[in-house]
J.: 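After the structure tokens below, expect a handful of questions from me.
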Amino acid sequence: MDEATLLARSGGPVTRGRLVRDLAALGLAEGDTVMFHTRMSALGYVAGGSQTVIGALAEAVGASGTLMVTCGWNNALPYGFARWPQPWRDAVRAEHPAYDPLLSEADHDNGRLPEALRRWPGAVRSRHPDVSLAALGPAAAELTADHPWDDPHGPGSPLARLAALGGRVLMLGAPLETLTLLHHAEALADAPGKRFVEYEQPVLEGGRRVWRRFRDIDSSKGAFDYSSVTPAGQDPFETIGRDMLAAGIGLRGRVGAADSCLFEAGEVVEFGLAWIREKLGGAP
């Protein structure tokens, strides 16, 4: 989308000051610990781009608040690389660089903001190569420390800690299908047909490159088969998010030009768990 179109959609440039005012009107407050998802194009023409958005978010939550984003790893090996021809496997095992929280790029599919935040002075990033998260602020170390190697969306994960700390989730024009916290609900849910993946990635341990095996819910193809309980063509997280809003959970407003939502993390997890149990069965 060109600049003229973005300017027209947003009623002029979206500045840091405008974002701070809009975020406050939505309900984001000083001292909040917030995980955010952003679709930059939805915000309109942001004067200063990613730097402006992060600066506005940091100003909105103040020095006592903390920001968190999903990063992942852009150069992670695909789960199926173990089926590659032997010479290919030998080559990557010998030379594929290890995941490094300081150097490894955030997954480009997550947009521009995760890469910008994880590079921000003072930001810290969790150790898990496939589902790393980055955080900035007083609670950053607590959120990201000792990210479990296995079940990295489950207990003890940054997502679990976000909910335990009374954190929030902000959707800045991002589609509800990107509400990553619902993966925590999936990890906790005891419903039939749960799907898992096992894979390997190179990581750093004690400064040495080692290969480690991981086990997690299948967050790529889906931890469950939702096809019978969601509208055709609609992502299940979109369905859960819409049902959550319809139930009166979450705040809605406009930030820049973007229709945005602000949720309490604990309510997202609680609603997601109840929804999965109701639709798919499982223990209460």
J.: A quick test of your reading: do over 12 heavy atoms of other residues, nucleotides or ligands sit less than 6.0 Å from CZ of Arg252?
T.: no
J.: How about Asp130 and Tyr99: does a side-chain donor come under 3.5 Å of a side-chain acceptor?
T.: no
J.: Is the backbone of Ala187 close enough, under 3.5 Å, to the side chain of Lys194 for a donor and an acceptor to pair up by distance?
T.: yes
J.: With the 4.5 Å side-chain cut-off for hydrophobic clustering, are Val131 and Phe237 part of the same group?
T.: no
J.: State which residue, out of His128, Glu200, Gln201, Glu205, fulfils the side-chain hydrogen bond (donor to acceptor under 3.5 Å, both in side chains) condition with Arg212.
T.: Glu205
J.: Please lay out, stage by stage, how Val268 and Leu182 fare under the test side-chain contact (heavy atoms from CB on, under 4.5 Å).
T.: CA-CA 7 Å; Val268 171; Leu182 286 172; 3.8 Å; yes
J.: For the residue pair Leu117 and Ala134, what are the closest heavy atoms and their distance?
T.: CD2-O, 3.8 Å
J.: Please check this pair: side chain of Thr178 against backbone of Pro175, looking for a donor-acceptor N/O pair closer than 3.5 Å.
T.: yes
J.: With a cut-off of under 6.0 Å to the ring centre and 45° to the axis, is Arg215 in cation-pi contact with Phe196?
T.: yes
J.: Are the side chains of Leu280 and Trp275 in touch, meaning some heavy atoms are under 4.5 Å apart?
T.: no
J.: Measure from the ring center of Trp211 to the ring center of Phe81 and say whether it is less than 6.0 Å.
T.: yes
J.: Give a yes-or-no answer on whether the side chains of Asp225 and Ser227 include a donor-acceptor pair shorter than 3.5 Å.
T.: yes
J.: Is a side-chain N or O of His147 found less than 3.5 angstrom from the main chain of Pro152, in a donor-acceptor match?
T.: yes
J.: Does Val53 belong to the same Ile/Leu/Val/Met/Phe/Trp/Tyr cluster as Trp120, with side-chain heavy atoms less than 4.5 Å apart forming each link?
T.: yes
J.: Any heavy-atom pair between the side chains of Gln234 and Glu177 that's under 4.5 Å?
T.: no
J.: Got a second to check how far His184's NE2 is from Asp151's CG, nearest 0.5 Å?
T.: 9.0 Å
J.: Is Tyr45 reachable from Leu43 through a run of I, L, V, M, F, W or Y residues, each pair having side-chain heavy atoms under 4.5 Å apart?
T.: no
J.: Establish, for the pair Arg127 and Trp149, whether the NZ or CZ atom is under 6.0 angstrom from the six-membered ring centre and no further than 45 degrees off its axis.
T.: yes
J.: Does Asp218 use its side chain to pair, donor to acceptor, with the backbone of Ala223 at less than 3.5 Å?
T.: no
J.: So does Glu142 pair up with Arg161, basic N to acidic O under 4.0 Å?
T.: no
J.: Taking the side chain as every heavy atom from C-beta outward, state whether Val269 and Leu273 have any atom pair closer than 4.5 Å.
T.: yes
J.: Between the side chains of Thr52 and Arg16, is a donor N or O closer than 3.5 angstrom to an acceptor N or O?
T.: no
J.: Would Ile217 and Arg195 satisfy side-chain contact (heavy atoms from CB on, under 4.5 Å), going step by step from the backbone distance to the final call?
T.: CA-CA 6 Å; Ile217 57 171; Arg195 300 188 290 217; over 6 Å; no
J.: Is there a path of hydrophobic side-chain contacts, each under 4.5 Å between heavy atoms of I, L, V, M, F, W or Y residues, that connects Ile240 with Val229?
T.: yes
J.: Could you measure the distance from the SG atom of Cys71 to the CG atom of Leu133? Nearest 0.5 Å is fine.
T.: 6.5 Å
J.: Can a salt bridge be assigned to the pair Arg112 and Glu115 using a cut-off of 4.0 Å between side-chain N and carboxylate O?
T.: no
J.: Locate the shortest heavy-atom distance separating Pro148 from Ser157; write the atom from each residue and the value.
T.: CD-CA, 3.9 Å
J.: Say whether, by atom type as modelled, one donor and one acceptor occur between the side chain of Arg209 and the main chain of Leu204 under 3.5 angstrom.
T.: no
J.: Is the side chain of Ser260 donor-acceptor paired with the backbone N or O of Ala258 at a distance under 3.5 Å, no angle test?
T.: yes
J.: Hey, does the side chain of Asn74 reach the backbone of His108 with a donor-acceptor pair shorter than 3.5 angstrom?
T.: yes
J.: Give a yes or no on whether Arg213 atom CZ has more than 12 heavy-atom contacts from other residues, nucleotides or ligands under 6.0 Å away.
T.: yes
J.: How long is the straight-line distance from CG of Leu181 back to CD of Glu264, given to the nearest 0.5 Å?
T.: 11.5 Å
J.: With side-chain contact (heavy atoms from CB on, under 4.5 Å) as the test, would you mind laying out the steps for Val61 and Thr66 before giving the verdict?
T.: CA-CA 7 Å; Val61 301; Thr66 299; over 6 Å; no
J.: So, for Phe263 and Ile249, which heavy atoms are closest and what is the spacing to 0.1 Å?
T.: CE2-O, 3.5 Å
J.: For residues Val255 and Leu19, determine if any side-chain heavy atom of one lies less than 4.5 Å from a side-chain heavy atom of the other.
T.: yes
J.: Is there a continuous path of hydrophobic side-chain contacts, each under 4.5 Å between heavy atoms, that joins Leu179 to Val34?
T.: no
J.: Does the Arg125 side chain pair with the main chain of Ser104, one donor and one acceptor, at a distance under 3.5 Å?
T.: yes
J.: Where is the tightest heavy-atom contact between Gly31 and Ser64, given as atom of each residue plus distance?
T.: CA-OG, 3.3 Å
J.: Tell me yes or no: between the side chains of Trp73 and Asp107, is some donor less than 3.5 Å from an acceptor?
T.: no
J.: Taking the side chain as everything from C-beta on, heavy atoms only, tell me whether Arg118 gets closer than 4.5 Å to Leu136.
T.: no
J.: Would you name the heavy atoms of Leu262 and Gly27 that are closest together and state the gap between them?
T.: CD2-C, 3.6 Å
J.: Determine yes or no for a side-chain-to-main-chain donor-acceptor pair under 3.5 angstrom, with Ser126 supplying the side chain and Thr144 the backbone.
T.: no
J.: Looking at CE of Met68 and CZ of Arg168, how far apart are the two atoms once the value is rounded to the nearest 0.5 Å?
T.: 14.5 Å
J.: Report, as yes or no, whether the 6.0 Å neighbourhood of atom CD on Gln51 holds more than 12 heavy atoms from other residues, nucleotides or ligands.
T.: no
J.: What distance separates Glu278 CD from Phe271 CZ, expressed to the nearest 0.5 Å?
T.: 8.0 Å
J.: Measure the shortest side-chain to side-chain distance between Glu186 and Phe224 over non-hydrogen atoms and say whether it is less than 4.5 angstrom.
T.: yes
J.: Side chain of Asp22, backbone of Gly256: donor and acceptor closer than 3.5 Å?
T.: yes
J.: Kindly compute the distance separating CG (Leu77) from CZ (Arg89), expressed to the nearest 0.5 Å.
T.: 12.5 Å
J.: Where is the tightest heavy-atom contact between Cys261 and Leu245, given as atom of each residue plus distance?
T.: SG-CD1, 4.1 Å
J.: Going by heavy atoms in the side chains, are His37 and Leu170 under 4.5 Å from each other?
T.: no
J.: Under a 4.5 Å cut-off applied to non-hydrogen side-chain atoms, are Met244 and Leu176 in contact?
T.: no
J.: Check the surroundings of atom CH2 in Trp88: do more than 12 heavy atoms from other residues, nucleotides or ligands lie under 6.0 Å from it?
T.: no
J.: Counting heavy atoms not belonging to Glu270, are there more than 12 under 6.0 Å from its CD?
T.: no
